[in-house]
Amino acid sequence: MEVNIKKSILSISLAFSVLISGFGGSAFAEAPLRNGQNDSNLTSNVDLLASKTLVKRTVTPTAEGEIIREVHEVPVTLLTPSLASNRVKITVLSTYQFDFSKNMYKYSFNLDSPAWINPSVDAVFRVERSDQQYGFYNEVASLAVNDASYVWDHVVYVSPNTGHYRTRVDLKPRKLDEIIEDPTIYSQSDLINRTGRVWVFNFVDYTSQKILNKPPANWARETRHSRPWDLRGDYKKWYDNAFNTTLNLDGYDVHHIRPLFLGGDNGMDNLIHLPVSTHSGVTGWFSGY
């Protein structure tokens, strides 16, 4: 059975492949790709739960929004001697999209496996949120399903609120002689603003060692400082003196890491130069903060 994953509007897709071994066989998993091979965000401590099983992660910006797909593989032992094959794959496909008609985040979960056998499992599909990328994640919505369908999507809606989000899928076999050794699967975290846009920006200035990190989601709207008339010149002068170089700002904008309207200031620690296209995207994302 093939799962139709052609989704419109804004979507994040992540797929988990759960490997099942039959009684008397040995559980195995192909070696997952390690941190940094697909996405620099894998270095996040909070994402280690996902990277343990992560095989592939791709991020594809589109005109409608960002599409993010993850593939996970988790070794499982299923104590079912009656199975014709001792290796069966269950795929858990999780798709995120912003539902403009409801003005809500929409998470759809779908189970898939070979057509000749669909192992019966109970499932809990959860969406968790944190203010900080490395913070504690709280459940904001969930759906518990007995004997989860392999045909229909299981949908969870979440009220939009800027934050770091991840999904969690818990699987439990319905038969007493079946055991899932590691039944909890986490997605990698993603920062989403209240309009449904995903933070996809990465930039490192290797001279100053400044990094454009994912911001926290709890900055209050308060403007305490105004932008100096020659901020660009002030930044260049500081940069040249601090690093004994001549900074060429052609094609770059000077960006406030914490925006002024969110309580940021004009201190050099709060400034970084970004490519014009990146700065435009970041500014647009913060407009929906």
Side-chain angles (χ1 to χ4, degrees), residues 33-48 50-51 54 57-61 65-66 68 130-136 162-166 188-195 197-289:
L33 297 181
R34 295 307 178 189
N35 293 352
Q37 289 184 294
N38 287 289
D39 190 309
S40 62
N41 292 335
L42 288 180
T43 56
S44 163
N45 291 338
V46 76
D47 291 328
L48 290 179
S51 64
L54 184 62
R57 174 178 168 91
T58 58
V59 181
T60 307
E66 298 73 32
I68 301 177
S130 176
D131 281 334
Q132 307 285 338
Q133 181 180 4
Y134 309 116
F136 181 79
T162 299
H164 298 267
Y165 290 88
R166 70 182 183 190
Q188 192 169 311
S189 64
D190 287 292
L191 176 60
I192 308 174
N193 70 9
R194 58 182 170 81
T195 65
R197 297 305 302 266
V198 181
W199 181 276
V200 294
F201 314 105
N202 289 288
F203 182 78
V204 179
D205 175 34
Y206 292 100
T207 299
S208 66
Q209 298 298 305
K210 289 187 177 183
I211 303 174
L212 182 67
N213 288 315
K214 293 180 180 179
N218 57 353
W219 283 340
R221 288 178 175 264
E222 54 176 348
T223 302
R224 295 178 293 180
H225 302 274
S226 59
R227 183 185 180 95
W229 72 273
D230 192 21
L231 180 69
R232 185 181 180 89
D234 294 341
Y235 177 81
K236 175 175 168 50
K237 183 183 299 183
W238 166 81
Y239 194 100
D240 291 351
N241 291 334
F243 303 105
N244 192 27
T245 187
T246 300
L247 177 63
N248 184 357
L249 285 176
D250 291 345
Y252 289 87
D253 288 335
V254 177
H255 168 67
H256 289 84
I257 297 172
R258 180 170 184 170
L260 293 177
F261 80 95
L262 293 174
D265 59 33
N266 297 298
M268 295 302 153
D269 288 344
N270 192 44
L271 299 178
I272 187 173
H273 59 284
L274 301 176
V276 171
S277 59
T278 301
H279 187 234
S280 176
V282 171
T283 300
W285 187 91
F286 271 114
S287 68
Y289 187 91

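- By the side-chain contact (heavy atoms from CB on, under 4.5 Å) test, V276 pairs with D253, sequence neighbours left out.
- Ring orientation note: the planes of Y289 and W285 are nearly perpendicular, at an angle over 60° on the 30°/60° scale.
- S287 places a side-chain N or O within donor-acceptor distance of the main-chain N or O of G284, the cut-off being under 3.5 Å.
- L260 places a side-chain heavy atom less than 4.5 Å from the side chain of R227.
- When side chains are defined from C-beta on, W199 counts as touching L212, because their heavy atoms get closer than 4.5 Å.
- Listed by chain and number, the residues in a side-chain hydrogen bond (donor to acceptor under 3.5 Å, both in side chains) with S208 are D205 (sequence neighbours excluded).
- To the nearest 0.5 Å, atoms NZ (K210) and CD1 (I257) are separated by 5.5 Å.
- Nearest heavy atom pair, residue S189 against residue Q133, reads OG-CG, 4.3 Å.
- Legend: residues meeting side-chain contact (heavy atoms from CB on, under 4.5 Å) with F136, ordered by chain and number and at least two apart, are N138.
- When all heavy atoms are compared, the tightest approach of P228 to D234 is CB-OD2, 4.3 Å.
- Here side-chain hydrogen bond (donor to acceptor under 3.5 Å, both in side chains) pairs that include residues 257-275, with residues two or more places apart or in two chains, are Y235-H273, H256-N266.
- Pairs engaging residues 215-226 under the salt bridge (Lys or Arg N to Asp or Glu O under 4.0 Å) rule: none recorded [sequence neighbours left out].
- The structure places CZ of R194 at 14.5 Å from CD1 of I192, a figure rounded to the nearest 0.5 Å.
- Judged as a salt bridge (Lys or Arg N to Asp or Glu O under 4.0 Å), and not counting sequence neighbours, the contacts of D240 are K236.
- For the pair G163 and A217, the tightest heavy-atom approach, listed with the atom from each and the gap, is CA-CB, 3.5 Å.
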Legend entry - Derivation of the side chain to side chain contact (heavy atoms under 4.5 Å, CB included) call for L231 and L271: CA-CA 10 Å; L231 180 69; L271 299 178; 3.7 Å; yes
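- For CG of N241, the number of neighbouring non-hydrogen atoms (other residues, nucleotides, ligands) closer than 6.0 Å is greater than 12.
- In this structure, the side-chain contact (heavy atoms from CB on, under 4.5 Å) partners of P216, at least two apart in sequence or on a different chain, are Q132, N218, W219.
- Here the CG-NE2 distance, from D131 to H164, works out to 8.0 Å after rounding to the nearest 0.5 Å.
- For F261, there are no ring-ring contact (aromatic ring centres under 6.0 Å, His included) partners at least two apart in sequence or on another chain.
- Side-chain contact between Y252 and P275 is present, with heavy atoms from C-beta onward closer than 4.5 Å.
- Note that CG of N213 and CD1 of I211 are 5.5 Å apart. Values are rounded to the nearest 0.5 Å.
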